[in-house]
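To start, the structure under review is shown below, and the notes come after it.
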Amino acid sequence: MAVRATSLLLLMMLCTSTSTIEATEEADEEAALLDFRAAAVSGGGNGGSLPSWNGSSAGGFCSWEGVTCGARHRRVVAITLPSQGLTGVLSPAIGNLSFLRTLNLSSNSFTGDIPASLGRLRRLRALDLSHNAFSGEFPANLSFCTSLTVLFLRHNQIRGCTIPPGLGSILGLRFLALAYNNLSGKPPISLYNLSSLEILQIQGNMLLGDIPADIGSRFPRMRILCFDRNQFTGFIPASISNLTALEALYLEDNRLSGYVPRTLGRLGALQNLYLHYNMLEADNREGWEFINSLSNCSQLQELQINRNPGFTGNRPSSIVNLSRTLQVLWLSDTGITGNIPSAIGNLVNLEFFIAANTSLSGVVPNSIGKMGNLVQLGLYNTRLSGPIPSVIGNLSKLTKLFAYNTNLEGAIPASLGKLKNLEAIDLSRNLLNNSIPRDILKLPLLSDFLELSYNSLSGPLPSEVGSLQNLNQLFLSGNQLSGEIPDSIGKCTVLENLWLDDNSFTGSIPQTLKNVKGLNQLNLSMNKLSGTIPDGIGNIQRLQQLDLAHNNFSGPIPTILQNLTLLTKLDLSFNNFQGEVPKEGIFRNLADFSITGNDQLCGGIPQLHLATCHVNSVKKKRNERSKYLIIDLATSAALLFLAFIIALIKLIYKKLRQKQNRLSLPPMIEEQYGRVSYRALANGTNGFSEGNLLGKGSFGAVYTCTFQDEGIIAAVKVFNLEQSGSSRSFVAECEALRRVRHRCLLKIITCCSSINQQGQEFKALVFELMPNGSLNAWLHPEPGMPTMSNTLSLAQRLDIAVDILDALDYLHNHCQPPIVHCDLKPSNILLAEDLSARVGDFGISRILREHASATLQNSNSTIRIRGTIGYVAPEYGEGASASTLGDVYSLGILLLEMFTGQSPIDDMFRGSLDLHKFSDDALPERIWEIADTTMWLHMDTNDRTARSKIEKCLISVIALGISCSKKQPRERTPIHDAVIEMHAIRDSYLQFARSLVAEHGGSSNNSAAIYSKNN
């Protein structure tokens, strides 16, 4: 009995002890969960409160949201809380949940380090912390979680010199995603020993080194391999063709070189192959075999080989033999030649066919009409010619058609009107003629833009244009359209940009335009429009740019234009406006509007220096008719006398020209600008004194000049005629400037060709004065003295960059003939009072035309300088002719200098290192290291939201500078595309800045500082 009693007592004690232990362990787990909750909601997010996580829950912590307990015990085995708005840090207490098998906290906003205590979770099988903001070093202790099969840490800010070698000891790991972090260095060789891996995603980091030559024998189960967006170099190993289970291979955006393995066709399961943005090679002799072998990949859906300039020679004919499952074919930005094969229609399931920025030639084959699944067709910047085939109307799913800047000719096929899904059309800069088909204006989903500029389209603008009620942008510039602008255009109520300039439109501006409330830009310049500006334009409240220059408008300038609060640029020049110039709104700042060439205007702000407006008396009006009669009689007599005087002057002038031919100006300059005397310039500059000196250049010096009679302060560029080529530079600059009228180009006021006091030849140009000097002084202030008052904010630099690109686009694409500046650099960019930019100094510019005037040809032929060291395009050093792509190179270097603060001729750039490579090596992860630190004087970069937006903006603009400054001209981004991209970068940043200002009511130092001063 005693023995039995003792046994019973021991059993009761054991049960009690077990219960006590379990209760203690449960309490520990609940405490760990509550610690997790307290840390996870500490950031104050809107959705991350976890209200069910409290001690009063009926079922205990096992009933809390996202918590799963084991079936046989009350121990936490899973925490699943994706997209819960959690904003704090991950508590180290999570390492106390020793039975945890799944931890999924993806798509929240966790910050800070990933705690080392996770290494204690030996039972952990799946860890997903992706899409958060974790930072710090890579958690090496995770290598102790030897049961892991899934490890997702992608889209965070984890940094580290390399991936910890210890990860290679987790032999059962199947899915590893470390993409889009800040990892650097070479991946450890142990990583390639994980033979169980099926998915490896390490893209979007700064990893480098070669891909192992024997990679094909290391991952027998690999299905998805992502090495893209890193800095890997070397060849693509041939052994990669042994990964027979591979479904997707992403190698784009690295520095891989050499030939693509010709045996890729062994990858029978391959669906996606991305090789773009590398330095891979192929030509007519070798390298294209991989395309032949890919015809064996019967499941291939996407093939992208674009942005490999080393891909040259005739396009491989076997491209039409690729799988009919192919949906994406991207060939753009390569050096391939030849034509589009007639059998391209075999690829019946193709949805995206982009062959832009290549040297493809010939006609667009009719077989393209068989590709009924096409969604996007990109054939722009090629050498294609011939008509647009009418069978393109069979592509019923097409949403975007881009075929600009080619040699397509003939009429726009009416069959385009059958493509009811079209959202955007760009056929600009071709040789298209005839009228605009009415059916194309009835496309119901056409919303992004319709771009038909710079063709030879003629006839009226059909009234059906009013059917484009969803269209945002309509560009018809540079055609031969005529007739009146139809009233129906007022039905396009969501238009943001309307460009009808450089046509032959007549009549008046339709009153119905007042219905287009969202219009941002309206350009009707260089037409034959007449009448008055309708007051209805004042109802377009979102109008930002209005260009009506070079028409026949008359009457007063509508005062209602003062009410357009968003209007930043207004050009009314070269019309017949009369009366008083308004003084409010846009008319307050001389830099924002132009009224040049309207001789009957008066009043306005003092800076215009116009005559005072006087009210006509009643008596004067009554006598007006009789005065006209007297004037007519007097005019007849005066004309006879004037004819005699003109003949006499011509005779005298002819003799003077023969005697003093060297003092003459080009005739076209005499016509456009009145000459100013040497005495007036000498008086206005105090005898060209040092006190008036603004700066010196290659061909002369610039002085401030005050014309006392007119009360005008201007800048005078005096040419040093002892300097070889300066006279020709004067003529070249006159010739270039007489052709250009753009808000972002320095305006010439007058000129002088005379004799100075010493009897020597004297030549000078008079420009508008730019009170803020050159961009160079702002980018490189006096050493040790950067302040907010002598440096530029990020927003100001973006505005200036947009101005420069707009000016260059105008010179290259909107001047006839085009003009190449040839010397784009910071010292030739001048800043107005509001820090808007003007491109100046056209002394070595080139006019691209087949039959230039003898004067200009002579002036250019002996000017050997084609730019400034550091900015000059490399092909010029090899004797290449001046070209627009040479200007694009200088622009790219200028952009890099603007946002890095580094001059391209700085002593740090030696050997193979230049500003382009310096910037390219840092992109994108080290962007903060190369950015000009003087920008941060204007803003607080510690704000995480602002910092993220600033970083994205900097990466985009530096990438654009790199793209424009490529060594090979054909690799450079065309100026038309660069302008679009730069506007998008600037507008995106300023939109964020405006929202931040609105959010803080302008009270936040950061919100106000990041916003541009002139916005």
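Predicted model, so just to flag it, every value in this text is computed and none were measured.
You'll find the side chain of Leu500 reaches within 4.5 Å of the side chain of Leu498, heavy atoms only. Side-chain contact check for Ile354 versus Leu331: every heavy-atom pair is 4.5 Å or farther apart. Looking at Val979 and Val802, their side chains never come closer than 4.5 Å, going by heavy atoms from C-beta outward. Two residues are said to be in side-chain contact when any heavy atoms from C-beta on lie closer than 4.5 Å; Ile436 and Leu481 meet this criterion. In this structure the side chain of Leu446 reaches within 4.5 angstrom of the side chain of Ile425, judged on heavy atoms. Side chains of Phe899 and Arg797 form a contact here, defined as non-hydrogen atoms less than 4.5 Å apart. Side chains of Leu398 and Val375 form no contact here, defined as non-hydrogen atoms less than 4.5 Å apart. Between Ile975 and Thr884 the shortest side-chain heavy-atom distance does not fall below 4.5 Å.
To the nearest 0.5 Å, atom CD1 of residue Ile985 and atom CD1 of residue Ile980 are 12.0 Å apart. Atom CD1 of Ile368 is separated from atom CG of Leu347 by 10.5 Å, given to the nearest 0.5 angstrom. Atom CD1 of Ile344 is separated from atom CG of Leu350 by 7.0 Å, given to the nearest 0.5 angstrom. Put simply, CG on Leu450 and CG on Leu401 are 10.5 Å apart, with the number rounded to the nearest 0.5 Å. The CD atom of Glu981 sits 12.0 Å away from atom NE2 of His983, with the distance rounded to the nearest 0.5 Å. The structure places CG of Leu416 at 6.5 Å from CD1 of Ile388, a figure rounded to the nearest 0.5 Å.
His812 and Asp887 form a side-chain donor-acceptor contact under 3.5 Å, judged by distance and modelled atom types alone. Side-chain contact of Ser836 with Arg838: a donor-acceptor pair under 3.5 Å is present, judged by distance alone. Side-chain atoms of Asn421 and Lys397 form no donor-acceptor pair, as typed in the model, at a separation below 3.5 Å. Judged purely by distance below 3.5 Å, without hydrogens or angles, the side chains of Ser482 and Lys528 never pair a donor atom with an acceptor atom.
Counting only residues at least two apart or in different chains, side chain to side chain donor-acceptor pair (under 3.5 Å) contacts with residues 406-415 comprise Thr406-Asn430. Here side chain to side chain donor-acceptor pair (under 3.5 Å) pairs that include residues 503-521, with residues two or more places apart or in two chains, are Trp499-Gln521.
Taking the ring centre of Tyr404 as origin, the terminal cationic atom of Arg429 falls outside the region bounded by 6.0 Å and 45° from the ring axis.
A distance-only check finds a donor-acceptor pair linking the side chain of His821 to the backbone of Gly840 [under 3.5 Å]. A donor-acceptor contact shorter than 3.5 Å links the side chain of Arg972 to the backbone of Leu885. Looking at Asn552, its side chain never comes within 3.5 Å of a backbone N or O of Ser554 through a donor-acceptor pair. Side-chain atoms of Asp803 come within 3.5 Å of backbone atoms of Ala837 as a donor-acceptor pair (strictly under, hydrogens ignored). Here the side chain of Asn598 pairs a donor or acceptor atom with the backbone of Leu572 at under 3.5 angstrom. No donor-acceptor pair under 3.5 Å is formed between the side chain of Ser890 and the backbone N or O of Val888. Judged by distance alone, with hydrogens and angles left aside, the side-chain atoms of Ser956 form a donor-acceptor pair with the main-chain N or O of Lys952 at under 3.5 Å. Judged by distance alone, the side chain of Thr568 and the main-chain N or O of Gln544 form a donor-acceptor pair under 3.5 Å. Side chain of Asn357 to main chain of Asp333: no donor-acceptor pair is present (N/O by atom type, distance under 3.5 Å, no hydrogens or angles). Within the 3.5 Å criterion, the main-chain N or O of Tyr810 finds no donor-acceptor partner in the side chain of Asn813.
Nearest heavy atoms, Ala591 versus Ala832: CB-CB, 4.4 Å. Of all heavy-atom pairs spanning Ser463 and Ser488, the tightest one is O-OG, 2.6 Å. Pairing each heavy atom of Leu419 with each of Gly393, the nearest pair is CD2-O, 3.4 Å. Across every non-hydrogen atom of Ala355 and Leu360, the tightest pair is CB-CD1, 3.6 Å. The minimum heavy-atom distance linking Val820 with Ser883 is given by the pair CG1-O, 3.3 Å. Pairing each heavy atom of Met371 with each of Leu395, the nearest pair is O-CD2, 3.1 Å.
A salt bridge links Arg743 and Asp806; the closest N-O separation between the charged side-chain nitrogens and carboxylate oxygens is under 4.0 Å. Taking 4.0 Å as the cut-off between side-chain N and carboxylate O, Asp799 and Arg986 count as a salt-bridged pair. In summary, Asp448 and Lys400 engage in a salt bridge, as defined by a charged side-chain N under 4.0 Å from a carboxylate O.
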Original post:
Would Lys569 and Ser594 satisfy side chain to side chain donor-acceptor pair (under 3.5 Å), going step by step from the backbone distance to the final call?
Top reply: CA-CA 8 Å; Lys569 298 298 175 185; Ser594 175; over 6 Å; no
Subject >> Verdict with reasoning, Ile804 to Leu894, per side-chain contact (heavy atoms from CB on, under 4.5 Å) >> reply: CA-CA 10 Å; Ile804 296 170; Leu894 176 58; 3.8 Å; yes
**OP:** With side-chain contact (heavy atoms from CB on, under 4.5 Å) as the test, would you mind laying out the steps for Leu570 and Asp592 before giving the verdict?
**Re:** CA-CA 6 Å; Leu570 173 65; Asp592 293 340; over 6 Å; no
Subject >> Worked check of side-chain contact (heavy atoms from CB on, under 4.5 Å) between Phe553 and Ile509 >> reply: CA-CA 10 Å; Phe553 290 114; Ile509 300 175; 3.5 Å; yes
Original post:
Taking it one step at a time, do Leu524 and Phe505 satisfy side-chain contact (heavy atoms from CB on, under 4.5 Å)?
Top reply: CA-CA 9 Å; Leu524 302 177; Phe505 287 113; over 6 Å; no
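Under the side chain to side chain contact (heavy atoms under 4.5 Å, CB included) rule, Asn575 has a single partner from Asn551, Thr596, Leu529, Ile595, which is Asn551.
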Side-chain donor-acceptor distances from residues 466-480 under 3.5 Å, at least two apart:
residue: Ser467; atom: OG; partner: Glu464; partner atom: O; Å: 3.2
residue: Asn470; atom: ND2; partner: Pro444; partner atom: O; Å: 2.9
residue: Asn472; atom: ND2; partner: Val494; partner atom: O; Å: 3.4
residue: Gln473; atom: OE1; partner: Asn497; partner atom: ND2; Å: 3.1
residue: Ser477; atom: OG; partner: Asp501; partner atom: OD1; Å: 2.5
residue: Asn479; atom: OD1; partner: Asn455; partner atom: N; Å: 3.1
residue: Asn479; atom: OD1; partner: Ser456; partner atom: N; Å: 3.4
residue: Asn479; atom: OD1; partner: Leu457; partner atom: N; Å: 3.0
residue: Asn479; atom: ND2; partner: Leu452; partner atom: O; Å: 3.1
residue: Asn479; atom: ND2; partner: Leu476; partner atom: O; Å: 3.1
residue: Asn479; atom: ND2; partner: Ser477; partner atom: O; Å: 3.2

